[in-house]
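To keep things clear, I will list the structure first and then write my remarks on it.
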Amino acid sequence: MLGVAKVFGSGAQAIELFKDLDLVIRKGERIAIVGASGAGKSTLLHMIGTLEKPTTGKVLYGGRDIFLSQEKDLARFRNRHIGFVFQFHYLLPEFSALENVMMPGLIAGLPRGEIQSQSLALLDRLGLSHRLQHRVGELSGGEQQRVAVARALLLRPSLFLADEPSGNLDSRTGRTLHELLVTLNEELGLTMVIVTHNMELASMMHRTLRLVDGQLREE
Ligand SMILES: Nc1ncnc2c1ncn2[C@@H]1O[C@H](COP(=O)(O)OP(=O)(O)O)[C@@H](O)[C@H]1O
Ligand SMILES: [Mg+2]
């Protein structure tokens with residue numbers, strides 16, 4: 001991203017989060033973003049993930065200004081290339097764990113059998129084989145978080161973005177998730193940008209960037 005500024009609101013109420021921010025993310029990189037609460041980490045991740053438009057500046061993918069795309073092309077780009085795990089997971093409460101993971105594949109119109117077997121494999125890797133048919137509301141916070149990770153990975157995105165993915169996990173489950181992320185990065189070349197307060201996870205990344213006063217500093 002190049003020369004990005006983001007302002008919420010206007011006049012006396014305006015919140016200026018970034019001013020002329022540059023960030024280059026290379027293919028295959030694992031990046032942690034850390035910083036105080038309210039520093040703008042979630043907003044930054046949403047801009048990288050094309051969910052939030054900068055007030056000024058550009059978000060470039062392969063040199064192309066992604067926000068020049070039409071809304072429908074942008075949605076398609078996101079569905080195909082970006083896997084997002086939100087701070088609040090936004091799973092569908094009426095559906096089972098398995099159905100939630102399968103959902104992006106069903107929306108993309110892929111063959112059901114194929115989606116199901118890939119979803120089962122992902123849930124198994126995340127230690128959720130015993131929770132497939134449970135509804136989201138019947139799962140613990142940590143289990144819901146892992147379902148959200150599996151859902152984000154289903155369509156094999158090239159960019160994985162996660163907002164505090166291990167925030168609700170106990171240390172053992174958290175470690176399993178961290179190791180899985182590193183494995184996915186190394187095996188599939190999955191580029192990842194992860195907002196985290198977890199220093200163990202940050203230490204497993206190639207780079208850690210700290211967001212302070214609207215600027216990113218390499219740690
Ligand atoms: N849609 C929005 N409208 C107005 N203010 C917002 C919006 N989103 C975030 N903010 C404000 O921007 C600041 C940074 O928010 P956020 O990116 O969530 O920070 P972090 O994830 O680092 O805690 C906060 O003060 C928040 O209230
Ligand atoms: Mg946040």
Side-chain angles (χ1 to χ4, degrees), residues 1-25 29-61 66-67 69 71 74-75 77-78 82-91 93 136 140-153 157 159-171 173-174 177-178 181 191-219:
M1 52 189 6
L2 255 182
V4 162
K6 182 72 186 176
V7 182
F8 285 118
S10 59
Q13 315 296 325
I15 300 174
E16 187 178 41
L17 282 183
F18 310 107
K19 211 185 201 169
D20 203 20
L21 182 73
D22 299 330
L23 170 63
V24 177
I25 300 166
E29 236 183 345
R30 301 196 291 270
I31 298 179
I33 293 178
V34 301
S37 175
K41 304 181 297 299
S42 295
T43 306
L44 176 63
L45 207 62
H46 294 166
M47 291 195 295
I48 296 169
T50 77
L51 291 164
E52 182 97 59
K53 198 174 181 229
T55 308
T56 54
K58 291 175 181 173
V59 177
L60 304 165
Y61 275 89
I66 201 70
F67 284 106
S69 314
E71 188 51 48
L74 200 56
F77 175 83
R78 219 181 275 137
I82 302 180
F84 216 117
V85 177
F86 296 94
Q87 191 161 8
F88 309 100
H89 54 70
Y90 299 124
L91 296 169
V136 166
S140 73
E143 288 169 340
Q144 292 175 358
Q145 197 66 284
R146 281 180 285 160
V147 171
V149 170
R151 180 181 60 177
L153 292 172
L159 177 61
F160 176 82
L161 304 173
D163 204 345
E164 313 210 15
S166 41
N168 291 316
L169 304 183
D170 63 71
S171 58
T173 317
L177 173 62
H178 302 164
L181 294 177
T191 309
M192 45 183 66
V193 181
I194 299 181
V195 169
T196 187
H197 289 294
N198 187 304
M199 285 303 135
E200 180 189 86
L201 177 57
S203 72
M204 293 164 88
M205 301 290 114
H206 296 131
R207 289 201 280 158
T208 297
L209 303 173
R210 181 171 295 276
L211 187 56
V212 185
D213 298 331
Q215 289 297 323
L216 287 167
R217 292 185 200 149
E218 200 99 24
E219 295 250 294

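Keep in mind that the numbers below use all heavy atoms, side chains included, and drop hydrogens, waters and symmetry copies. The structure displayed is predicted, hence computed values, not measured ones. Start at 1 and go down the list; that is how both ligands and their atoms are numbered. The first residue of the sequence shown is numbered 1, and numbering continues consecutively from there.
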(message) Distance under 4.0 Å, heavy atoms only, partner ligand 1: which residues pass?
(response)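 Only Phe8, Leu17, Ala36, Ser37, Gly38, Ala39, Gly40, Lys41, Ser42, Thr43 have heavy atoms that fall under 4.0 Å of ligand 1, ordered by chain and number.
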
(message) So, with waters excluded, how many protein N/O/S atoms does the Mg ion (ligand 2) have closer than 2.8 Å?
(response)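 Number of qualifying protein atoms: 2.
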
(request) Look at atom CD of Gln13 and say whether more than 12 heavy atoms of other residues, nucleotides or ligands are closer to it than 6.0 Å. (result)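 12 or below, so no.
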
Treating [X] as the side-chain partner and [Y] as the backbone partner, does any N or O pair qualify as donor plus acceptor under 3.5 Å?
X      : Y      : result
Asp213 : Gln215 : no
Asp22  : Leu2   : no
Lys6   : Lys53  : yes
Lys41  : Leu211 : no

Taking the side chain as every heavy atom from C-beta outward, state whether [X] and [Y] have any atom pair closer than 4.5 Å.
X      : Y     : answer
Leu159 : Ile48 : yes
Phe77  : Ile82 : yes
Ile15  : Leu17 : yes

(request) Classify the ring geometry between Phe84 and His46 as parallel (under 30°), tilted (30 to 60°) or perpendicular (over 60°). (result)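 Tilted, since the angle between the ring planes falls between 30° and 60°.
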
